[in-house]
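The basis for the numbers below is simple: all heavy atoms, side chains too, and nothing from hydrogens, waters or symmetry mates. The structure presented is a predicted model; accordingly, all values stated were derived computationally and were not measured.
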Amino acid sequence: MGMSSRLVQGVQDQYSDGKAAKVWHLYIGGKKRTNEYKEKMVNLLKEHGVQTVLDAACGTGVDSVMLLEAGFTVKSVDASDKMLKYAYKLRWQRHKNNPLYDDWEIGEGDWLDLENCEDTITHPEGGYDAVICIGNSFAHLPDFAGDNSLHKLAISNFHKMLKPGGILIIDHRNYDHIIKYGALPNSSSKLYYQGDRIHKIKTSVLTVDREATMVTLDYEIDISGIPFGKDQTMRTKPDGSVIPVSQFRLSYYPHLLDNFTGMLKGIFGEGAEHQTYSDFQSDPPADYISSYYIHVIKKQ
């Protein structure tokens with residue numbers, strides 16, 4: 001779920017130092033996360049009759065594997081070579097005992113030029129049934145011009161990758177809440193990231209002329225019992241125990257719900273079928289505060 005300088009000149013790959021990639025499995029969690037999230041995502045894809053999927057922000061490949069094992073045909077791209085290194089390793093480990101992984105294509109993919117990653121993956125003729133860009137990945141793409149032009153170009157390229165009737169599943173954190181309160185929602189739903197080793201996530205909001213232009217999250221992951229070399233800091237937990245943590249920082253463009261919906265409709269068309277889920281809930285309780293908004297929009 002990373003992005004590279006290849007996306008646009010001057011954009012730094014936030015995962016290039018390898019710190020986030022190294023502890024990503026601790027951040028996202030294990031079987032509990034897989035089972036809960038898998039049921040929601042697989043059901044959503046099946047509701048729309050999906051078979052072929054482009055995972056446009058595959059990161060370490062965890063979600064792609066989940067979908068492959070659920071019977072979908074998956075192609076996977078990411079712009080961070082540090083994250084892809086783990087996806088390639090995962091494919092190598094799994095393919096020894098399961099021929100399913102022999103046909104799993106993984107490659108570097110630029111959201112601003114998705115049609116030209118044929119040297120790493122081959123797109124199906126006619127397009128995909130679904131393109132997914134999830135885990136707050138899209139928010140890594142900045143807005144240098146202040147007009148969302150890069151965001152619109154990337155979404156337009158997702159649209160081109162779809163066959164008629166295909167769906168884009170794309171999400172973002174609840175930045176409306178983050179900007180208003182300066183902190184992540186205190187939601188019981190962690191959705192994608194359910195690791196029990198998350199020690200702390202610090203939120204910072206950058207404003208320019210009173211408008212929020214960037215949200216930065218500083219992560220601290222408990223690495224107790226894991227050989228990690230010198231790249232660690234000691235922290236004291238509320239119970240007084242001292243633990244080693246690994247730190248990494250990621251920055252995001254804060255997509256507001258109404259603005260993001262407007263961008264999608266502007267590219268897919270005002271008449272396109274569109275639904276927004278709050279942490280995969282289509283009809284959450286009135287007082288529910290979403291951690292993530294998941295958009296599903298269909299190509300006409």
Side chain to side chain donor-acceptor pair (under 3.5 Å) involving Asp129 - partner list, sequence neighbours excluded: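 Residues passing side chain to side chain donor-acceptor pair (under 3.5 Å) with Asp129: Thr52, Lys163.
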Side chain to side chain donor-acceptor pair (under 3.5 Å) partners of Thr73, counting only residues at least two apart: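 Thr73 satisfies side chain to side chain donor-acceptor pair (under 3.5 Å) with Gln51 only.
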Looking at side-chain heavy atoms only, is the closest gap between [X] and [Y] below 4.5 Å?
{"X": "Phe280", "Y": "Met41", "value": "yes"}
{"X": "Ile134", "Y": "Ile169", "value": "yes"}
{"X": "Thr216", "Y": "Leu250", "value": "no"}
{"X": "Ser282", "Y": "Gln275", "value": "yes"}
{"X": "Leu84", "Y": "Cys58", "value": "yes"}
{"X": "Leu162", "Y": "Leu54", "value": "no"}
{"X": "Leu114", "Y": "Lys160", "value": "no"}
{"X": "Leu150", "Y": "Leu112", "value": "yes"}

Could you report the tightest heavy-atom contact between [X] and [Y], atom names first, then the distance?
{"X": "Ala272", "Y": "Phe268", "answer": "CB-O, 3.6 Å"}
{"X": "Trp104", "Y": "Ser64", "answer": "CZ2-CB, 3.5 Å"}
{"X": "Gly59", "Y": "Asp78", "answer": "N-OD2, 2.8 Å"}
{"X": "Phe158", "Y": "Ala56", "answer": "CE2-CB, 3.9 Å"}
{"X": "Ala57", "Y": "Cys133", "answer": "CB-SG, 4.2 Å"}
{"X": "Leu141", "Y": "Ala154", "answer": "CD2-CB, 3.9 Å"}

Qualifying residues under ring pair (Phe, Tyr, Trp, His ring centres under 6.0 Å), relative to His274, sequence neighbours excluded: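 Expected list: His295.
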Criterion side chain to side chain contact (heavy atoms under 4.5 Å, CB included) on Ile106 and Ile121, from CA distance to verdict: CA-CA 6 Å; Ile106 307 170; Ile121 68 167; 5.7 Å; no
Neighbour count >12 (heavy atoms, 6.0 Å) for atom CG, Asp209: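 12 or below, so no.
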Within 6.0 Å of CD in Glu211, more than 12 heavy atoms from elsewhere: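 Atom CD in Glu211 is not crowded, with 12 or fewer foreign heavy atoms closer than 6.0 Å.
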Counterpart residues, side chain to side chain contact (heavy atoms under 4.5 Å, CB included), relative to Thr236 (two or more places apart):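 By the side chain to side chain contact (heavy atoms under 4.5 Å, CB included) rule, Thr236 matches Val242.
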Criterion side chain to side chain contact (heavy atoms under 4.5 Å, CB included) on Ile167 and Ile297, from CA distance to verdict: CA-CA 5 Å; Ile167 58 170; Ile297 190 163; over 6 Å; no
If we ignore hydrogens and angles and just use 3.5 Å, is the side chain of [X] paired with the main-chain N or O of [Y] as donor and acceptor?
{"X": "Asp222", "Y": "Val245", "result": "no"}
{"X": "Arg249", "Y": "Leu217", "result": "no"}
{"X": "His151", "Y": "Pro142", "result": "yes"}
{"X": "Glu108", "Y": "Val77", "result": "no"}
{"X": "Asp171", "Y": "Asn136", "result": "yes"}
{"X": "Asp55", "Y": "Ser76", "result": "no"}

Can [X] and [Y] be counted as having a side-chain donor-acceptor contact under 3.5 angstrom?
{"X": "Gln247", "Y": "Thr233", "answer": "yes"}
{"X": "Ser290", "Y": "Ser278", "answer": "yes"}
{"X": "Asp176", "Y": "Tyr293", "answer": "no"}
{"X": "Glu39", "Y": "Tyr37", "answer": "no"}
{"X": "Tyr292", "Y": "Arg173", "answer": "yes"}

Candidate list Asp287, Ile289, Asp283, test side-chain contact (heavy atoms from CB on, under 4.5 Å), partner Pro285, passing option: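 Going through Asp287, Ile289, Asp283 one by one, the side-chain contact (heavy atoms from CB on, under 4.5 Å) with Pro285 is satisfied by Asp287 alone.
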For Met161, the option from Lys299, His123, Lys75 that meets side-chain contact (heavy atoms from CB on, under 4.5 Å):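 It is His123; the other options fail the test.
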Working for side-chain hydrogen bond (donor to acceptor under 3.5 Å, both in side chains), residues Glu105 and Thr122: CA-CA 8 Å; Glu105 294 182 14; Thr122 53; 3.2 Å; yes
How far does [atom1] of [X] sit from [atom2] of [Y], to the nearest 0.5 angstrom?
{"X": "Glu270", "Y": "Gln300", "atom1": "CD", "atom2": "CD", "answer": "9.5 Å"}
{"X": "Ile223", "Y": "Ile243", "atom1": "CD1", "atom2": "CD1", "answer": "9.0 Å"}
{"X": "Glu220", "Y": "Lys200", "atom1": "CD", "atom2": "NZ", "answer": "6.0 Å"}
{"X": "Leu44", "Y": "Ile132", "atom1": "CG", "atom2": "CD1", "answer": "10.0 Å"}

Group every Ile, Leu, Val, Met, Phe, Trp and Tyr by side-chain heavy-atom contacts under 4.5 Å, then state whether [X] and [Y] land in the same group.
{"X": "Val53", "Y": "Leu100", "answer": "yes"}
{"X": "Leu153", "Y": "Ile155", "answer": "yes"}
{"X": "Ile201", "Y": "Met214", "answer": "no"}

Plane angle bin for His172 and Tyr175 - parallel if under 30°, tilted between 30 and 60°, otherwise perpendicular: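 Rings of Tyr175 and His172: parallel, as their planes differ by under 30°.
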Show me the side-chain donor-acceptor pairs of residues 253-266 shorter than 3.5 Å, one per line, residues at least two apart or across chains.
residue, atom, partner, partner atom, Å
Tyr253, OH, Asn148, ND2, 3.4
Thr261, OG1, Leu257, O, 3.0

Sequence neighbours excluded, every pair satisfying salt bridge (charged side-chain N to carboxylate O under 4.0 Å, His left out) that has a member inside residues 131-149: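 Output for this query is empty, none listed.
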Candidate pair Thr276 and Ile294, rule side chain to side chain contact (heavy atoms under 4.5 Å, CB included), full reasoning: CA-CA 6 Å; Thr276 304; Ile294 300 101; over 6 Å; no
Within the 6.0 Å centroid threshold, strictly below: Trp111 and Phe138: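 Close enough - the centres of the two rings lie under 6.0 Å apart.
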